[in-house]
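Report on the following structure.
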There are 2 protein chains.
Amino acid sequence: MQKNNPTNNFGAYLDRTIKIIKHNYTRSFKKNGVDITTEQWVLLDSLNTKNGVAQNELANDSFKNAPTVSRIIDLLVKKGLIERKPSPTDRRSHLIYLTKKGRNIYAKALPVVEGLRRKGWEGLNDEDYDHLLRILDTILGNFKENK
Amino acid sequence: MQKNNPTNNFGAYLDRTIKIIKHNYTRSFKKNGVDITTEQWVLLDSLNTKNGVAQNELANDSFKNAPTVSRIIDLLVKKGLIERKPSPTDRRSHLIYLTKKGRNIYAKALPVVEGLRRKGWEGLNDEDYDHLLRILDTILGNFKENK
DNA sequence: CCCATATATTTGCCATAGCAACTATTGCCA
DNA sequence: TGGCAATAGTTGCTATGGCAAATATATGGG
């Protein structure tokens, strides 16, 4: 319970780390001819696991808010990587599906992402992973609503 | 050196953590009548430590790029919290200074930020802090240029 | 069944961020 | 010293993200 003092600026460290990670994603995608952004990858990855979901579910899974997901979907539809289909049970809702082209891009991006994950984790081990997740989960829990 | 496998999605955990942290900053500033954003706070905080610096130095210190800093400075100047003064030694350069109003806002924001740091770090200790910094530094180093 | 409320999505507005191009200077070096 | 590469800053363009408001539809209670 120490380090909860004025100099414990963990937010800044997290921020700069996430920035350099995203920068590497962008650069590697470009270098490998994968024409998507990091955040577009997040949605494609989510859809590859669970296809045909409503936008709000996609938003939840990807930790984005509804307007942001709506607009990223617009871009991905424009690129032909996904499609919106009306939900058969709820006329307010659209279900999102990967297209053939989307699956192809996903297949092309996946090894790039795996390479980045390996590269980023070099010199670290399973114990570190447990530490990291435990610490981030604790921070997350501390900041959840109604606290 | 394990966990460098396809499921080691540490980027997503970092991303959602930083999002909830920034959300809490925004909300607390608003609730306490501090009319600045999280990123504006980052610059004010940097200036409080080292006043009268050039924009590129401010960019380096805050891990932002030059255009972003230029525009945040525009907003802070408009709010009267900082001012640009021509550098006496380099006519391309502006030195940035906190104004009296800026120092007042800083003084008002600081206890809010300290509260958030304490809240976020609840349940964690110095050892965790060392773990976190070591892990983030390692990831950062792995992703630095020319690697 | 009807209405009030809740939910799914979209749109507008603004802030942050990155990239590329542009201007104004500076500094170096032949 | 003349010229050219490097540097400081700004601006344009695009993407992401958050908040608030608007629309369309669903749902639950009386």
Side-chain angles (χ1 to χ4, degrees), chain A residues 11-12 15-31 35-43 53-79 84-96 145, chain B residues 11-12 15-31 35-44 53-79 81 84-96 145:
Chain A
D15 192 53
R16 75 180 58 172
T17 307
I18 201 71
K19 273 180 187 160
I20 203 165
I21 290 174
K22 286 186 184 176
H23 182 253
N24 272 261
Y25 269 70
T26 304
R27 213 171 32 145
S28 286
F29 281 152
K30 188 168 188 180
K31 191 164 63 179
D35 182 28
I36 56 175
T37 65
T38 308
E39 304 309 328
Q40 289 166 15
W41 160 258
V42 170
L43 290 200
V53 298
Q55 296 187 193
N56 58 352
E57 195 172 347
L58 204 48
N60 260 337
D61 292 350
S62 62
F63 231 73
K64 299 182 183 306
N65 59 16
T68 298
V69 166
S70 179
R71 281 182 264 239
I72 297 179
I73 286 174
D74 286 345
L75 292 176
L76 289 173
V77 167
K78 216 174 285 174
K79 289 183 180 179
R84 282 187 173 99
K85 292 183 179 175
S87 162
T89 59
D90 186 337
R91 292 203 297 162
R92 294 169 303 179
S93 179
H94 300 143
L95 304 186
I96 312 298
E145 307 300 331
Chain B
D15 192 52
R16 75 182 56 172
T17 306
I18 201 70
K19 273 180 187 161
I20 203 164
I21 290 174
K22 286 186 184 176
H23 181 254
N24 272 261
Y25 269 68
T26 304
R27 212 172 30 145
S28 285
F29 281 152
K30 188 170 187 176
K31 191 165 63 181
D35 182 28
I36 56 174
T37 65
T38 307
E39 305 309 328
Q40 289 165 16
W41 160 257
V42 170
L43 291 200
L44 295 183
V53 298
Q55 296 189 193
N56 57 354
E57 195 172 347
L58 204 46
N60 259 337
D61 292 351
S62 62
F63 230 74
K64 300 182 183 305
N65 58 18
T68 299
V69 166
S70 178
R71 282 182 264 239
I72 297 179
I73 287 175
D74 286 346
L75 292 176
L76 289 173
V77 168
K78 215 175 286 174
K79 288 182 179 178
L81 306 186
R84 281 187 174 99
K85 292 184 180 173
S87 161
T89 61
D90 186 338
R91 291 202 298 159
R92 295 168 304 179
S93 180
H94 301 142
L95 304 186
I96 311 299
E145 307 301 330

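Each chain gets a letter, A, B and so on, in the order the sequences are listed, and its residues count up from 1. Quantities reported herein were computed from a predicted structural model and do not represent experimental measurements.
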Worksheet item: Excluding sequence neighbours, so at least two apart, what forms side chain to side chain donor-acceptor pair (under 3.5 Å) with B:R92?
Response: B:D90

Worksheet entry | Least distance between heavy atoms, B:D61 atom then A:R16 atom | O-NH2, 4.4 Å

Practice prompt. Scan A:T68 against the nucleic acid and name what it touches under 4.0 Å (heavy atoms): base, sugar-phosphate only, or nothing.
Written response: base

Worksheet entry | Phosphate contact (C:dA17 OP1 or OP2) by B:K64 side-chain N/O below 4.0 Å | yes

Worksheet entry | Side-chain N or O of A:S93 closer than 4.0 Å to phosphate OP1/OP2 of C:dT9 | yes

Worksheet, complete the sentence: By nearest-heavy-atom nucleotide on DNA chain D, the more 5' of B:P67 and B:K30 is B:P67

Worksheet item: Tell me: CD1 of B:I73 to P of D:dA8, nearest whole Å?
Response: 13 Å

Practice prompt. List the steps and the verdict of side chain to side chain contact (heavy atoms under 4.5 Å, CB included) for A:E57 and A:I96.
Written response: CA-CA 10 Å; A:E57 195 172 347; A:I96 312 298; over 6 Å; no

Worksheet item: Between A:K19 and A:Q55, which is nearer to the 5' end of DNA chain C once each is assigned its nearest nucleotide?
Response: A:Q55

Worksheet item: Can you tell me if the side-chain N/O atoms of B:T26 get under 4.0 Å from OP1 or OP2 in D:dG18?
Response: no

Item to complete: Using atom CG of B:L44 as one end and atom P of C:dT16 as the other, report the distance to the nearest whole Å.
Response: 11 Å

Item to complete: Give a yes or no on whether a donor-acceptor pair under 3.5 Å exists between the nucleobase atoms of C:dT9, that is its base, and the side chain of A:R92.
Response: no

Worksheet item: What integer distance in Å separates B:N60:CG from D:dT7:C1'?
Response: 13 Å

Worksheet item: Looking only at heavy atoms, which two atoms of B:S62 and B:V42 are closest? And how far apart?
Response: CB-CG1, 3.8 Å

Discussion item. Strictly below 4.0 Å: does A:N56 bring a side-chain N or O up to OP1 or OP2 of C:dT7?
Written reply: no

Worksheet item: Do B:R71 and D:dG12 have a side chain to base donor-acceptor pair shorter than 3.5 Å?
Response: yes

Worksheet item: Under 4.0 Å: is that the gap between some side-chain N or O of B:H23 and OP1 or OP2 of D:dG17?
Response: no

Discussion item. Please determine whether a side-chain nitrogen or oxygen atom of A:R91 lies at a distance below 4.0 Å from atom OP1 or OP2 of C:dT7.
Written reply: no

Worksheet item: Do A:I73 and A:L58 have side-chain heavy atoms sitting under 4.5 Å apart?
Response: yes

Discussion item. Taking the minimum atom-to-atom distance to the side chain of B:A66, which one of D:dT10, D:dT25, C:dT25 wins?
Written reply: D:dT10

Worksheet item: If only side-chain N and O atoms of B:N65 are considered, is one of them under 4.0 Å from the OP1 or OP2 phosphate oxygen of C:dA17?
Response: no

Worksheet, complete the sentence: DNA chain D nearest-nucleotide lookup for A:T89 and A:T38: closer to the 5′ end is A:T38

Worksheet item: Is the shortest side-chain N/O distance from B:K22 to OP1 or OP2 of D:dG18 below 4.0 Å?
Response: no

Fill in: Cationic N near anionic O, under 4.0 Å, B:D74 to B:K78
no

Discussion item. Side-chain N or O of B:S70 versus OP1/OP2 of D:dT10: is the shortest distance under 4.0 Å?
Written reply: yes

Practice prompt. Starting from C1' on C:dA8, measure out to CZ on A:R84 and report it in whole angstrom.
Written response: 12 Å

Practice prompt. May I have the distance from B:L95 (atom CG) to D:dA8 (atom P), rounded to whole angstrom?
Written response: 12 Å

Fill in: Distance, rounded to the nearest Å, where A:H94 contributes NE2 and C:dT7 contributes P
19 Å

Worksheet, complete the sentence: A:D35 atom CG is separated from D:dA15 atom P, nearest whole Å, by 10 Å

Worksheet item: Separation of B:D15 atom CG from D:dG17 atom C1', in whole Å?
Response: 11 Å

